[in-house]
Amino acid sequence: MAGTTPQPTSRTRSWWGWGWTDAHPDDAECAAMGSLLPGTLSHPLPVPRVRDLGIAAPAVEPPASLARLVTADPADRAAHAMGKAYRDVIRALRGRPGRIPDLVARPAAERDVADLLDWAGDRQVAVVPYGGGSSVTGGVEYRGDAHRAVMSLDLTAMGRVLEVDTEGRAARIQAGTLGPSLEDQLRPHGLTLRHFPQSFEFSTLGGWLATRAGGHYATGRTHIDDFVQSLRVVTPAGTSSSWRLPASGAGPSPDRLFLGSEGALGIITEAWVRLQERPRHKASAAVAFAGFQDALRAVRALAQSDLSPANCRLLDAGEAALSGAARDGSAVLVLGFESADEPVTARLERAVGLARSHGGRYGGTAGSDGSPAGDTAVSAWRSAFLRMPYLRDGLARMGAVAETFETAATWDRIPALIDAVRTEVGEAALKATGHPATVNCRLTHVYPDGAAPYFTVLAAGRAGDEVALWDDLKAVAGEVLHRHRATITHHHAVGRDHRPGYDRQRPEPFALALRAAKGALDPRGILNPGVLVD
């Protein structure tokens, strides 16, 4: 049985910044935020307009057989030119968005995808897959001039839940299905994917799969990989369709080849994914720590226990203050538990007790079973988490650098890694701008053997040169990560911005195999050029 047909929204997406246009900070709010950072502009940069970009006519025209799927509308093309990283936002604000795609295609079926790839290969048109456009690593833009034209392949017209297996708790879902629509279509069946990245509202199943996105769970099933049963992928060399299985030991997994491939090897068109019953029991709490090192030890103990919290986010003092979770210099651990079939308050109490044994302070009852969390710190963190991308764009309008990056490392490296990133990125920002920067850290996902630190950087910009400044800071951060053998990305994908770090991280024999796969599946080199391999 399939889900319901998704309903369109009347709200307008921003072509240049995060999310909905009606949720962006106004000029006064931008100025107020800018006043808190030294070295920002006196007035916010104006909201950019598509008509000021001088978009040229497309270099190619689609054949009549594909015309119904393709548009050359300037506003549509501008909206598909970049993702939503800080460097994308500031380029749009400065009127320098880079190469704008010549065409935007919206296939409605798998056959359309194959036909579009055939035509693009014949005409040497680069094809950049596009889901919700929330990439923060340069994954959905074209850089360079090796192709005569560029086509953005927007999958969101393929946005349906096609089949639901309630006995096996799985569903076959088209790759262009946006997060809210996916959950809306599963809700009548009492099931959920329960994969909620921060970009949930503006990202698709296919995007999650192609980037190996991290989601709702801080422990256990942290990545979309854990929910995949099988994939269908259209490549220039043919369509790959893996068997739907609960598990298999039959050689290297075909799904693993395409998970994280970012459209460089093929276009994911649909997937069978594992579902679960919707949780009915929830409980959450916030525990404060005077020292960050004590908090790290508490989180490690939780990750190595059998408690499996759904949320186990550790905010350092700066991150806690920024989100409003604490303003007294404390680090804050945000805990959450959930279950579809049994109360979770006992597990929460055990987790709080474990945290207190490592020096944590807990003031009383927080969220209770069956109701939203009532704890002030938890609520403040959740609100700030959802609002932060909009505030980042407001700071960008003030010329400030406001960006994030994440990584993962084993527990023995975590303390030194966090200290090094704070110190070296902060020093680089001070040297480049003459003003001190704020470098905060939180742990977003934790494992028995390590954790995923997520860094927030707030710094003065260099008027008109913000992109180069951020590129320099990004390079410094990448060097620190490499030196500490921390991954270049835990869940934000490689894209083009992380490519130098990825090239250094992966073993050369694997790189050789990946290049061979690229050559076999995409012999004309049209699929998302510059991503993962050349």
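These numbers were taken from a predicted model, which means no experiment stands behind them.
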A side-chain contact here means heavy atoms from C-beta on lying under 4.5 Å apart; do [X] and [Y] qualify?
X	Y	value
L443	Y454	no
Q276	T192	yes
E141	R99	no
L333	F289	yes
D522	T235	no
V494	L532	yes
F258	L209	no
T156	T177	no

Drop me the distance from [X]'s [atom1] to [Y]'s [atom2], to the nearest 0.5 angstrom.
X	Y	atom1	atom2	result
L307	T219	CG	OG1	9.0 Å
I418	N440	CD1	CG	11.5 Å
C441	E319	SG	CD	8.0 Å
R392	T404	CZ	OG1	7.5 Å
C30	L395	SG	CG	8.0 Å
H484	D412	NE2	CG	11.5 Å

Note: [X]-[Y] ion pair, threshold 4.0 Å (strictly below):
X	Y	answer
E29	R387	yes
R256	D225	yes
R361	D328	yes
E338	K282	no
R13	E201	no
K474	D471	no
D226	R212	no

For the backbone of [Y] and the side chain of [X], can you confirm whether one donor and one acceptor N or O come within less than 3.5 Å of each other?
X	Y	answer
R313	T444	yes
E183	R194	yes
S323	A320	yes
T433	A429	yes
T137	H498	no
H24	W18	yes
S35	A32	yes
K84	G17	yes
N311	L335	no
H147	G525	yes

Q: Test E466 against every option in R87, R94, R91, R397 by the salt bridge (Lys or Arg N to Asp or Glu O under 4.0 Å) rule and name the one that passes.
A: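 It is R94, the one option of R87, R94, R91, R397 that forms the salt bridge (Lys or Arg N to Asp or Glu O under 4.0 Å) with E466.
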Q) Looking at F200 versus H216, is the centre-to-centre ring distance below 6.0 Å? A)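 Centroid distance F200-H216: not below 6.0 Å, so no.
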Q) For the rings on H80 and Y142, is their centre-to-centre separation under 6.0 Å? A) no
Q: With sequence neighbours left out, write down each residue that passes side-chain hydrogen bond (donor to acceptor under 3.5 Å, both in side chains) with H195, or none if nothing qualifies.
A: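 H195 satisfies side-chain hydrogen bond (donor to acceptor under 3.5 Å, both in side chains) with no residue once adjacent residues are dropped.
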For residues [X] and [Y], report the shortest heavy-atom separation together with the two atoms involved.
X	Y	value
A301	L354	CB-CD2, 3.3 Å
A463	L41	CB-CD2, 4.3 Å
G176	T204	O-CG2, 3.6 Å
T489	E406	OG1-OE2, 3.1 Å
G478	I488	CA-CD1, 4.3 Å
I526	P529	O-CD, 3.6 Å

Q) Is it true that atom CZ of R327 has more than 12 heavy atoms of other residues, nucleotides or ligands lying nearer than 6.0 Å? A) yes
Q | D145 atom CG, neighbour heavy-atom count above 12 within 6.0 Å | A |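 No - once you tally the heavy atoms of other residues, nucleotides and ligands closer than 6.0 Å, there are 12 at most.
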Q: Applying side-chain contact (heavy atoms from CB on, under 4.5 Å), run through L205 and I268 and close with a yes or a no.
A: CA-CA 9 Å; L205 174 62; I268 298 171; over 6 Å; no
Q: Take W20 and Y390 through the ring pair (Phe, Tyr, Trp, His ring centres under 6.0 Å) test and state the conclusion after the steps.
A: CA-CA 9 Å; W20 305 111; Y390 292 101; 9.0 Å; no
(Q) Could you walk me through whether R504 and H482 satisfy the side-chain hydrogen bond (donor to acceptor under 3.5 Å, both in side chains) test, starting with their C-alpha distance in whole Å, then the side-chain angles of each, then the deciding distance to 0.1 Å, before giving a yes or no? (A) CA-CA 8 Å; R504 297 172 70 184; H482 184 74; 3.2 Å; yes
State, without any angle test, whether [X] and [Y] hold a side-chain donor-acceptor pair at a distance under 3.5 Å.
X	Y	value
S203	W208	yes
S308	R347	no
E262	T211	no
D255	S242	yes

Q. Can you tell which of V439, V401, L36, L322 makes a side chain to side chain contact (heavy atoms under 4.5 Å, CB included) with L458?
A. L322
Q.
Let's go through Q229 and R274 carefully: what are the C-alpha distance in whole Å and the side-chain angles of both, what is the deciding distance for side-chain contact (heavy atoms from CB on, under 4.5 Å) to 0.1 Å, and is it a yes or a no?
A. CA-CA 7 Å; Q229 281 188 329; R274 299 179 178 92; 3.8 Å; yes
Q: Any salt bridge (charged side-chain N to carboxylate O under 4.0 Å, His left out) involving residues 423-434? Give me the pairs, sequence neighbours left out, ordered by first then second residue.
A: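 Non-adjacent pairs meeting salt bridge (charged side-chain N to carboxylate O under 4.0 Å, His left out): E424-R483.
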Q. Could you give all pairs that pass the ring-ring contact (aromatic ring centres under 6.0 Å, His included) test and reach residues 392-450, with sequence neighbours left out?
A. F405-F455, H445-H490, H445-H491, Y447-H490
Q: List the steps and the verdict of side-chain contact (heavy atoms from CB on, under 4.5 Å) for L481 and Q505.
A: CA-CA 10 Å; L481 300 185; Q505 177 178 329; over 6 Å; no
Q | Pair R300-L296, side-chain contact (heavy atoms from CB on, under 4.5 Å): steps then yes or no | A | CA-CA 6 Å; R300 186 178 72 235; L296 282 176; over 6 Å; no
